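Below is one structure, written out as structure tokens, with a few remarks after it.
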Amino acid sequence: MNELSTRYNHKEAEDKWYKFWEDKGYFCAKPNPAKKPFCIVIPPPNVTGILHMGHALNNTIQDILTRYHRLKGEEALWMPGVDHAGIATQNVVEKTIAKEGLKRQDLGREKFLEKVWQWKEEYGSTIIRQLKKLGASCDWQRMRFTMDGEYSRAVKEVFVRLWNKGLVYQDDKVINWCPRCQTALADEEAPHRELAGNLYYLKYPFKDEPEKFVVVATTRPETMLGDTAVAVNPKDKRYKKLVGRALTLPLINREIKIIADSMVDMKFGTGAVKVTPAHDPNDYLLGKKHRLDFINILHPDGRLNANTGEYNGMDRFEAREVILEDLKERGLLEKIEAHRLSAGHCYRCHTVIEPYLSRQWFVKMKPLAKPAVEVVRKGKVKFHPKRWTKVYLNWMENIQDWCISRQIWWGHRIPLWYCLDCKKEAVAVIEKPDACRSCKSTNLKQDEDVLDTWFSSWLWPFATFYWPFDSRQQAAGSRQQQDLEYFYPTSILVTAPEIIFFWVARMIMAGLEFMKDIPFRDVYIHGTVRDIEGKKMSKSLGNIIDPLDIINQYGADALRFSLISITAQGQDVFLSKERFEQGRNFANKIWNASRFILMNLEPSLTNADLCAFFKKEDLDTVNRWILSRFYSTLKAINNYLESFKLNEAANLLYAFFWHEFCDWYLEIVKADIKHPHNQLVMFKVLEKFLRLIHPFMPFISEEIWQKIKNTRMQGHPASPAGPPAGQAGGRDTSIMTERWPHLEEQMIDKKLEKQAESIFNLIKEIRNLRSLISVKPQEKVLVSLYPHSKQKQQLVGNNKDLVINLSRLEGLQVLDKSMRPESTISSLTGEIDIYLHYSGLIDIDNVRAGLEKKLTNIGNLIKAKSGRIKNKDFLKKAPQGVVNQEKEALVKLEGEIKRLKKMADELR
RNA sequence: GGGCGCAUGGCUCAGUUGGUUAGAGCGCCACACUCACAUUGUGGAGAUCAUAGGUUCGAAUCCUAUUGCGCCCACCA
């Protein structure tokens, strides 16, 4: 270890150890009845995906949990996979063929799909490679893709089951239509965004009195071409008499009637609303109710169609301008008001969606939602943080039917077959039927549409295990079935809030419907990664921090640690590049401390010595102290990890290792580094710490652990647990196959920790005095102490050398009475009076200023405390412990201020 | 229009069930590379915990209202 660099080189370590883990199969999990199962299914990234900070955070959390449970001795499976992402992927491939001047229609369905598969083979594993860079310990042999054969079977099976249950139906409805992607979208896929727009007031003349008008207000004037009525509120006095009268729809001169409906808001616009039943969900309802005509005015690509006469072929937004011009010319545009409106946008291409009347397939959701509400209500599935429960329940209780058909090609084609001869109703079957059931015709045709991508993702927690197990798969099936039985329900799902409706809710419904059990017990919802100004990271804003850059520059461990340490449970994460220095510095600190320890480890010490069982009583104070602190820390870490407070765990590990183990413990034992106790304990604490930090920083922990193994352990692990069964030790062993340290409660000694703290405070005070009169760091000084009590006197006596070393003294004198020696400055705030001897001139003003400050501070405290203690209610109502605490504190403070005042007098 | 989250030192955030002198990282100031680490060490400065009420012996923490920022949901043309 001597020859090792003073800096940790992450580039060398990371790829090497990742390959090692993968080659040895350490990520693989299989059912083991002797072990508790732990399972996470990855939120499958899109096959088009490129790792961004959101992924980095999401997957770091999952990896920490997986590695933690693996170390705990559970059979931990992190199931990896990729989502075929129908619309997104089709868009990407369409763009690539567009470079050759081709549209997908030019190629035809089959050829185009070939292209998509080609694209997938070539680029589809990018994100997987990137996840490996991050250190993700997924069982890659179980890699799944939502378009895999078996997976597709599961999707079809589910469709057929729902069909047979009568939960799938076809209907004409006004749905969200993306004119760019040219497909229907579910409501969740068309989020509303605010837009700056206008409210246009249009005049519709009466048929029999063309010089008079009804004025309607609209934000989408082009839709007037599809109007089939004007509606008013029946209570509206302004219009009461006009109900039933006929108007002439301008530009295309269609006769439309004025109808009355209570749905109309009298206060909005003019109180009269144009009704476009084919292009507005509300108008659609009105149309149904009042038996109006439904006139579709759009081509699928957003251009106006033949129903619009001379506007046929114009783009919708272009048409808007022309129509407004034409209306203006005719004097039919009354006014234009600025108006903020919100409109649905395609979640894949951000195009403004059009409400569009079309025939689509839907799933009835109410029956599926009911049990899914129950399990969350009853706490069988728990959200972390809790507040998401309400969001989930609220959505589930108001759930709408799910539009599942998509007019794209890349995806699971709907397994519905139509007979082209008898044209009786469709059959839903997994395999293409040989012949029509009614007329025996073989002239069958499959539905052209594919299913919503989320219609496959919602099966993820069990379809990844090859569910359903049919006879064809029997041979392999029995093993796969065991897998599913062992790992399902999975343990925890880790995801972002925007996915709750798309995915989490639907997985719960699917799990209950098809597996008769919940898919996971816990749902961890983490925050969104934002830039330092709180903006979402996005390409268009140019504020992206690329995780791969960070890995390259600072290391994967640094990325992981920094991300986690600032991710408070469920809060958004604000990032700047500098944040990652913290993780890098920590890795370097771990590296150098390890280097120091290995460099100083006595070669004659045998492995048996290092692994020896020792009694607490045999050890000296410092070693007992650090062990107590280690186990105190472990106890807290265990609690934090079990309650998913990963940031707290990370920060505690940081503080323990850096500020206690390095800053105090190693500095102390340095003086007597060859002492067997020190040798033993520094080694043990380091080795155990590495296991604790491993889930957070897998690479550096392995790198150092391997160095330890090679130099010290020769294949005999230092852990008392010994090597896992089947492991011969030696070359193959890894920190990954070690065990999480066992919590040795008896090693925790809070009294000792307090004592150590008071010695450290003493040292800090002395250092402070040194700096107050600018004593150079290398200069040694003489100090006299007066401990107020026997215990403190003893404590000081026992730790004399330690104090001398760490505060660089030439001598330490313990006084037997309270008096200030000549030529000293003092600190009198603790239970030990401290006098620092000086020679020559010192800056007395500096000392005086420090003293003044202390005096005011303590004065204020005394005021507050004596006020409290004089308060009768406090004495009566506060718990006795608190009262005593306050009284003792006050006595102490009064003593302090007395001594300080005396000192201030002497300084004058 | 409903719902949620957040307001704590210059910046980014912690702060468990209300209870000593409110913590950390970064930044800042001073000093220090003979001793594992300058991606370091030592010491220091810096906060009336958004505002106003209330509950309580006691509030950063609980309640109410207000202000500001962010997010989600909703059919207001």
Side-chain angles (χ1 to χ4, degrees), chain A residues 1 4 6-8 174 191-192 199 216-220 223 231 263-265 267-269 272-276 280-285 341-342 355 385 387-388 390-391 394-395 398 497-498 500-501 527-528 530 532 534-536 554 558 562 565-566 568 570-576 578-579 581-582 584-600 639-640 643 645 647-648 651 654-655 659 662-663 666-667 670 764 767-768 770-772 774-778 850 857-858 860-861 864-865 868 871-879 881-883 885-886 888-889 893:
Chain A
M1 197 96 181
L4 288 177
T6 60
R7 303 238 175 125
Y8 168 58
V174 172
H192 282 65
L199 196 55
V216 294
T218 180
T219 54
R220 296 182 297 153
T223 61
M263 254 177 84
V264 178
D265 180 355
K267 278 170 259 150
F268 191 91
V273 58
K274 58 191 268 321
V275 182
T276 323
D280 184 279
N282 280 327
D283 293 3
Y284 174 78
L285 295 177
L341 68 141
S342 84
R387 69 185 127 93
W388 295 109
K390 232 169 112 182
V391 176
N394 188 43
W395 188 76
N398 298 296
E498 57 262 32
I500 294 178
F501 305 141
T528 309
R530 300 171 182 282
I532 205 70
K535 295 199 186 84
K536 245 182 182 166
Y554 299 102
S562 300
S565 82
I566 57 169
Q571 286 311 110
D572 286 354
V573 186
F574 291 62
L575 273 185
S576 69
E578 296 73 49
R579 296 287 336 199
E581 287 174 9
Q582 190 200 357
R584 175 201 57 183
N585 294 356
F586 188 37
N588 197 52
K589 190 73 183 177
I590 296 172
W591 177 255
N592 275 297
S594 308
R595 216 174 125 237
F596 171 77
I597 289 169
L598 290 180
M599 265 164 46
N600 286 293
N639 288 335
Y640 287 142
S643 53
K645 290 179 184 164
N647 64 320
E648 301 279 353
N651 290 327
Y654 180 95
H659 299 308
C662 292
D663 289 353
L666 288 183
E667 289 305 320
K670 241 177 208 177
K764 278 186 172 178
R767 285 171 176 169
N768 177 299
R770 294 175 58 112
S771 117
L772 205 59
S774 306
V775 179
K776 294 259 175 267
Q778 59 273 40
N857 256 343
I858 294 178
N860 287 341
L861 277 175
K865 287 209 188 294
R868 211 170 295 165
N871 187 331
K872 276 179 196 150
D873 286 329
F874 174 70
L875 295 175
K876 216 162 41 187
K877 291 178 183 166
V882 176
V883 175
Q885 226 173 37
E886 290 295 292
E888 279 165 32
L893 288 170

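The figures that follow rest on heavy atoms only: side chains count, while hydrogens, waters and symmetry mates do not. Below, chain A is the first sequence line, B the second, and so on; all start at residue 1. Keep in mind that what you see is a predicted model, and the values were worked out from it rather than measured.
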Separation of A:Leu341 atom CG from B:G1 atom P, in whole Å? 17 Å
Length of the line joining A:Asn588:CG and B:U39:P, which is rounded to integer Å: 8 Å
Is there a side-chain contact between A:Arg868 and the phosphate of B:G58, meaning an N or O under 4.0 Å from OP1 or OP2? no
P atoms of B:A22 and B:A50, separation to the nearest Å: 15 Å
Looking only at the side chain of A:Asp280 (C-beta and beyond, no hydrogens), which of the listed nucleotides B:U21, B:C37, B:A77 gets closest? B:A77
Whole-angstrom distance between B:U8 and B:U40, as gauged at atom P: 28 Å
Which pair of non-hydrogen atoms, one from A:Ala558 and one from A:Arg584, has the smallest distance, and what is that distance? CB-N, 3.3 Å
Rounded to whole angstrom, note down the P distance from B:U61 over to B:A38. 44 Å
Can you check the distance between B:G9 and B:U48, where both ends of the measurement are the C1' atom (answer in whole Å)? 12 Å
Please report the closest heavy-atom contact between A:Asn871 and A:Asp873, naming both atoms and the distance. OD1-N, 2.9 Å
Under 4.0 Å from OP1 or OP2 of B:C73: is there any side-chain N or O of A:Asn398 that close? no
Could you tell me how far B:C57 sits from B:U12 if I compare only their P atoms? Round to whole Å. 38 Å
Of the options B:A36, B:C57, B:G43, whose atoms approach the side-chain atoms of A:Ser771 most closely? B:G43
With no hydrogens and no angle check, do the side chains of A:Asn592 and A:Arg595 hold a donor and an acceptor under 3.5 Å apart? yes
A:Arg387 CZ to B:C72 C1', in whole Å, measures 11 Å
Quick one: label A:Pro191 by what it contacts on the DNA or RNA (base, sugar-phosphate, nothing), any heavy atom closer than 4.0 Å. nothing
Residue A:Asn282, side-chain atoms from C-beta onward, closest of B:C37, B:C75, B:G19: B:C75
Rounding to the closest angstrom, what is the interatomic distance between B:C13 and B:U66 at atom P? 26 Å
Quick one: is A:Arg7 getting a side-chain N or O under 4.0 Å of the B:U39 phosphate, OP1 or OP2? yes
Distance below 4.0 Å between A:Lys390 side-chain N/O and B:C72 OP1 or OP2: no
Stacked cation flag A:Lys589 on A:Tyr8, 6.0 angstrom / 45 deg: no
Using a 4.0 Å heavy-atom cut-off across all strands, classify A:Val883 as base, sugar-phosphate, or nothing. nothing
Length of the line joining A:Asn871:CG and B:G19:P, which is rounded to integer Å: 18 Å
May I ask you to say whether A:Asp283 pairs ionically with A:Lys274, meaning some side-chain N is under 4.0 Å from a carboxylate O? no
Contact nearer the 5' end of RNA chain B, comparing A:Glu648 with A:Lys764: A:Glu648
Distance from A:Cys662 atom SG to A:Ile590 atom CD1, nearest 0.5 Å? 8.5 Å
Heavy-atom closest pair, residues A:Asn647 and A:Ser565: CB-O, 3.8 Å
Which nucleotide in the set B:A36, B:A77, B:U42 lies at the smallest distance from any side-chain heavy atom of A:Met599? B:A36
In whole Å, I'd like the distance from the NZ atom of A:Lys589 to the C1' atom of B:A36. 8 Å
With a non-hydrogen cut-off below 4.0 angstrom, is A:Ala889 in contact with a base, only sugar-phosphate, or nothing? nothing
Identified stems (criterion: three or more consecutive Watson-Crick or G-U pairs, under 3.5 Å), RNA chain B: B:1-7 with B:67-73, B:10-13 with B:23-26, B:28-32 with B:40-44, B:50-54 with B:62-66
Provide the distance between the two P atoms, one in B:G5 and one in B:A65, to the nearest whole Å. 14 Å
In Å, rounded to the nearest 0.5 Å, how long is the span from CG of A:Asp280 to OG1 of A:Thr223? 8.0 Å
Can you tell me how far P in B:C63 sits from the matching atom in B:A45, rounded to whole Å? 36 Å
Roughly how many Å is it from CZ in A:Phe874 to C1' in B:C57, rounded to a whole number? 7 Å
Result for 5'-nearest mapping on RNA chain B, choosing between A:Arg584 and A:Ile566, is A:Ile566
Please determine, for the side chain of A:Asn592, which listed nucleotide (B:U42, B:C37, B:G19) has the closest atom? B:C37
What nucleotide among B:U42, B:G43, B:A77 has an atom nearest to a side-chain atom of A:Asp663? B:U42
The reported gap from CG in A:Asn651 to CD in A:Gln582 (rounded to nearest 0.5 angstrom) is 6.5 Å
Could you check whether the side chain of A:Asp873 and the base of B:C57 have a donor-acceptor pair of N or O atoms closer than 3.5 Å, going by distance alone? no
Taking only the side-chain nitrogens and oxygens of A:Lys865, find out if one of them lies under 4.0 Å from OP1 or OP2 of B:U20. no
Return the value, rounded to whole Å, for the distance between atom CD of A:Glu498 and atom C1' of B:C73. 14 Å
Donor-acceptor pair, distance only, cut-off 3.5 Å: does the side chain of A:Arg770 make one with the backbone of A:Lys776? yes
Whether each nucleotide of nucleotides 25-33 of chain B has a protein heavy atom under 4.0 Å at its base (B), only at its sugar-phosphate (S) or at neither (-) is summarised, 5' to 3', as S-----SS-
Is A:Ile500 close to A:Trp395 at the side-chain level, that is, under 4.5 Å between some pair of heavy atoms? no
Rounded to whole Å, please give me the gap between NZ in A:Lys877 and P in B:A59. 14 Å
Roughly how far apart are A:Asn585 CG and A:Tyr654 OH, rounded to 0.5 Å? 7.0 Å
